[in-house]
Protein chains: 2
Amino acid sequence: MQKEARPGTGEQAKQHALVQLRQAILRGEMAPAQRLVENELAEQFGVTRASVRAALIELESEGLVERIRNRGSRVRVVTVEEAVAITECRMALEGLCAAKAAVEASDEQLAELADLGAAMTKAVADGEPVTYSELNHEVHARIREFSGQQVAVGLLERLNAQLVRHRFQLALRPGRAQQSLSEHLAMIEAISARDPQAAEAAVRVHLGSVIDALRD
Amino acid sequence: MQKEARPGTGEQAKQHALVQLRQAILRGEMAPAQRLVENELAEQFGVTRASVRAALIELESEGLVERIRNRGSRVRVVTVEEAVAITECRMALEGLCAAKAAVEASDEQLAELADLGAAMTKAVADGEPVTYSELNHEVHARIREFSGQQVAVGLLERLNAQLVRHRFQLALRPGRAQQSLSEHLAMIEAISARDPQAAEAAVRVHLGSVIDALRD
DNA sequence: ACCAACAAGATTGTCAACAATTTTGTTTCG
DNA sequence: CGAAACAAAATTGTTGACAATCTTGTTGGT
């Protein structure tokens, strides 16, 4: 175990630990339910335990880490039912964002969405699921952004972070991309048509199908 | 300044500080934008600074407190635009909960809602705005609870906590209770009729009118 | 009088040591 | 052989002190 970076360069130690730990969890480098011992993490990141501790507290309220009194922290495992519940909330909130984006987005932003749609179509045609998954994520992020609804954006980012592991499993499923593609195109079309109700409906259809896929 | 309680009785110091501070903020005992100095709070609650610190980090991600690097913490002030944005999110999430509650709630739980509706009607008739406001809050809490949607419940509780100050202002407005009452009764009726779509629509109507009232 | 540089005070960020708690392994008794 | 009691190890919770940073008040020059 060697120290990864130098927190002495003015970079706040707690922030450093927070960023590193979050990345490690989101990248899936930590096994599900893996124990997170404060001392080990402190040495690994080259900071003190107090900083790791502060980071863990923050990650707990982000829903990425589970902490039990006097028993330590572990990577939180999201069950399938939880993933479904989270996606239901996404349905409500992303529906709101899509409706607002249909009204608020500039013409340039709509063009950007159209470009993303074309890129997704190409990725599916070329059979590149990884690229497609990234574009998928990007489309959702852009729609959130264009809505201008900061509160919803914050909530959604937190929710999405909890779904990383399930997202992986979903993306690699054969035939999933094709269905997902048409749903995304429908979302983009409705927003471009500046039709809030249709945009919200399209998002609901899409995430409804995600829920079905999650349930296997 | 005297110590308020005994953290030595096994009650974890950080939890103690967290609960105390949260209550103080929610009760409005801390003036808006008031500075929260770690040392003062530590002495006031009879715990050490580290515990206060941990509590502040948690309250920050709950959106109740604002922390700036090396500059300290203060009670977060929610602007009117933010309150509107938060209520838009409530609209989406409580709509989801109402729809699920219409399907999932037991007959006993529906009876409980009916009782609350009757109590609200009486409170308005008797001209007791404080009682009405409490019942109002209770109805929303029950509907959330009956939905069984744990994730949405968590998000909504966080959002509601940020609105305390605005809620006060809203409740005392003359004529507001009458309009609010009929909207609540419509929500209860739709859920009792086990009609998810109507329930969701009723919630949206209600919170839409809250948004209008917020904007003055 | 005004502005910049500087110094003093206040406050947060970090650290290492200590105490409390839980878990695990061992022993002893039935 | 199994179960309860006990002891040892690991880990988290807490504490007080120290360092870094920001704010404020003061001073000196123009």
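Proteins get letters first, then strands, A, B, ... in listed order; numbering begins at 1 in each.
Phe45(B) has its CZ atom 18 Å from the C1' atom of dT14(D), to the nearest Å. Straight-line distance from the CG atom of Asn39(A) to the C1' atom of dG13(D): 13 Å, rounded to whole Å. dT21(D) atom P lies 17 Å from atom CD of Glu38(B), rounded to whole Å. Computed from coordinates, the Leu18(A) CG to dG13(C) P distance equals 13 Å when rounded to whole Å. We find that CD1 of Ile68(B) is positioned 9 Å from P of dT23(D), with the value rounded to whole Å. What separates CZ of Arg69(A) from P of dT14(D) is a distance of 8 Å, to the nearest Å. Computed from coordinates, the Gln15(A) CD to dT14(C) C1' distance equals 14 Å when rounded to whole Å. What separates CD1 of Ile57(A) from C1' of dG13(D) is a distance of 10 Å, to the nearest Å.
In this structure a side-chain-to-backbone donor-acceptor pair under 3.5 Å is missing from Glu58(B) to Ile57(A). Looking only at distances, no side-chain donor or acceptor of Glu128(A) sits under 3.5 Å from a matching main-chain atom of Thr131(A).
Side chains of Val203(A) and Met91(A) form no contact here, defined as non-hydrogen atoms less than 4.5 Å apart.
Summarising the geometry, atom CZ belonging to Arg76(B) is positioned 10.0 Å from atom CD belonging to Glu60(B); distances are rounded to the nearest 0.5 Å.
No engagement by Leu56(A) is indicated, since no non-hydrogen atom pair under 4.0 Å with the nucleic acid exists.
In this structure, the nucleotide among dC22(D), dT14(C), dT14(D) sitting nearest to the side chain of Asn70(B) is dC22(D). Between dT15(D), dT11(C), dC15(C), one nucleotide has an atom nearer to the side chain of Arg35(B) than all others, and that is dT11(C). Of the candidates dT14(C), dT11(C), dT15(D), the closest approach to any side-chain atom of Val37(B) belongs to dT11(C).
Toward the 5′ end of DNA chain C lies the nearest nucleotide of Ser73(B), the other residue of the pair Ser51(A) and Ser73(B) mapping further downstream.
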- Worked check of side-chain contact (heavy atoms from CB on, under 4.5 Å) between Arg173(A) and Asp216(A): CA-CA 10 Å; Arg173(A) 194 166 304 175; Asp216(A) 285 328; 3.1 Å; yes
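Side-chain N/O atoms of Arg71(A) include none lying less than 4.0 angstrom from OP1 or OP2 on dT11(D). Taking only side-chain nitrogens and oxygens, Arg49(B) never comes nearer than 4.0 Å to OP1 or OP2 of dT15(D).
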